[in-house]
Amino acid sequence: MTIRATIRVQLISPAIGPALRAARFGDLPEDGPGAATRAVDAAGVRQAEAVREEFPRGAAVYVSSSPRCRTTARLLGLDARPVPELAPWDMGRWRGRTLDEVAAAEPARVSAWLTDPSAAPHGGETLLSLYARVGRWCETLSPETPRVIAVAEPEIVRAAALHALSAPASAFWRFDVRPLTVTEFTGRDGRWNLLAGRPLTGADKDAGEDGDGDD
């Protein structure tokens with residue numbers, strides 16, 4: 001990612017909900033009954049509503065297409081546009097199952113998935129493919145829109161941050177993303193500073209000065 005002017009990207013992880021609590025692959029079906037209202041639980045709703053309107057005006061705002069991300073964006077008061085590159089990781093036939101369930105039934109396949117970025121034992125998208133498509137989105141960021149906000153699934157946040165740092169896909173599993181936190185990278189000319197895992201409350205209060213990420 002090469003940027004000739006300062007740009008700041010804030011990636012917001014979704015509020016807590018049943019699937020995140022259970023470490024379940026995937027959210028409710030996007031068009032399923034009650035998906036928009038059940039994707040985030042009562043605690044997640046309270047937490048998201050408590051930190052809404054903490055964002056700069058004039059930013060480009062995007063969202064992953066999952067119900068929990070779209071619900072979180074709405075709760076935060078963000079008018080966000082979904083983009084295909086930020087779609088949730090396609091977990092194929094594992095979607096809807098918990099990690100514990102899959103690990104008990106298919107331990108060898110889970111091991112391959114965790115250790116080989118090119119493996120897709122679930123029949124969905126490989127980590128390398130996920131990394132590549134999120135990287136393509138990052139490459140579209142323009143200094144003409146210097147502020148970008150995206151409510152995105154944790155795996156999208158991971159991939160985007162690692163892309164900004166030119167880190168290998170193998171580092172993906174070493175970066176945790178908690179609910180309603182901001183991962184922010186700021187910089188120009190391909191040089192970036194990363195601030196990861198900051199609580200959403202007051203996320204923009206320290207961002208009034210446009211640093212260039214070249215400290």
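Listed by chain and number, the residues in a salt bridge (charged side-chain N to carboxylate O under 4.0 Å, His left out) with Arg93 are Glu106 (sequence neighbours excluded). Take Ala161 and apply the side-chain contact (heavy atoms from CB on, under 4.5 Å) test, not counting sequence neighbours, and it matches Phe175, Thr183, Leu194. Scanning for salt bridge (charged side-chain N to carboxylate O under 4.0 Å, His left out) contacts around Asp79 gives an empty result, with sequence neighbours left out. For Phe172, the ring-ring contact (aromatic ring centres under 6.0 Å, His included) partners are Trp89, not counting sequence neighbours.
Val102 is not connected to Leu20 by any chain of hydrophobic side-chain contacts under 4.5 Å among Ile, Leu, Val, Met, Phe, Trp and Tyr, and they are in different clusters. Grouping the Ile, Leu, Val, Met, Phe, Trp and Tyr side chains by contacts below 4.5 angstrom, directly or via other members, places Leu162 with Val9. Cluster membership for Val148 and Leu195, using ILVMFWY side-chain heavy atoms within less than 4.5 angstrom, is not shared.
For Glu153 and Ser64, the side-chain atoms include no donor-acceptor pair closer than 3.5 Å.
Rounding to the nearest 0.5 Å places CG of Leu200 at 8.5 Å from CD of Gln10. Here the CD-CZ distance, from Glu184 to Arg8, works out to 5.0 Å after rounding to the nearest 0.5 Å. How far CD1 of Ile7 is from CZ of Phe185: 8.5 Å, rounded to the nearest 0.5 Å. If you take CG on Leu180 and CG on Leu76, they are separated by 6.5 Å, rounding to the nearest 0.5 Å. Taking CG from Leu11 and CD1 from Ile156, the interatomic distance works out to 9.5 Å, rounded to the nearest 0.5 Å. To the nearest 0.5 Å, atoms CZ (Arg46) and CG (Leu75) are separated by 12.0 Å.
Minimum interatomic distance between Cys69 and Val151 (heavy atoms only, all atoms of both residues): O-CG1, 3.5 Å. Minimum interatomic distance between Ala150 and Trp137 (heavy atoms only, all atoms of both residues): CB-CH2, 4.4 Å. Summarising the geometry of Val40 relative to Val45, their closest heavy-atom pair is CG1-N, 3.6 Å, with the distance given to 0.1 Å. Taking every heavy atom of both residues into account, Leu128 and Ala169 meet most closely at CD2-CB, 3.9 Å. Among all heavy-atom pairs drawn from Pro88 and Ser65, the shortest one is CD-OG, 3.4 Å. Among all heavy-atom pairs drawn from Ala15 and Gly44, the shortest one is CB-O, 3.6 Å.
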> Run the side chain to side chain contact (heavy atoms under 4.5 Å, CB included) check on Ile149 and Leu78 step by step: do they pass?
Replying inline: CA-CA 9 Å; Ile149 299 169; Leu78 294 170; 4.2 Å; yes
>> Walk me through whether Phe55 and Ile12 qualify under side chain to side chain contact (heavy atoms under 4.5 Å, CB included).
In response: CA-CA 11 Å; Phe55 310 103; Ile12 302 170; 3.4 Å; yes
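Residues Arg81 and Val83 meet the side-chain proximity criterion, which asks for heavy atoms closer than 4.5 Å. By the 4.5 Å heavy-atom criterion applied to side chains, Glu139 and His163 are counted as neighbours. You'll find the side chain of Pro14 reaches within 4.5 Å of the side chain of Pro154, heavy atoms only. Ile16 has its side chain within reach of Arg21: a pair of non-hydrogen atoms, C-beta onward, lies under 4.5 Å apart. Using a 4.5 Å heavy-atom threshold, the side chains of Leu127 and Trp173 count as touching. Looking at heavy atoms from C-beta onward, Arg57 lies out of side-chain contact with Arg147 at the 4.5 angstrom threshold. Inter-residue side-chain proximity for Leu130 and Glu155 is flagged as met; some heavy-atom pair is nearer than 4.5 Å.
Judged purely by atom type and a 3.5 angstrom limit, Arg24 uses its side chain to pair as donor or acceptor with the backbone of Gly96.
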Show me the donor-acceptor pairs within less than 3.5 Å that the side chains of residues 107-125 make with the rest of the protein, sequence neighbours left out.
residue	atom	partner	partner atom	Å
Thr115	OG1	Ser111	O	2.7
Asp116	OD1	Ser118	N	2.9
Asp116	OD1	Ser118	OG	2.7
Asp116	OD2	Ser118	OG	3.3
His122	ND1	Gly124	N	2.8
Glu125	OE1	Asp90	N	3.4
Glu125	OE1	Arg133	NH2	3.1
Glu125	OE2	Arg133	NE	2.7

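Residue pairs meeting the salt bridge (Lys or Arg N to Asp or Glu O under 4.0 Å) criterion with at least one partner in residues 168-183, sequence neighbours excluded, are Arg158-Asp176.
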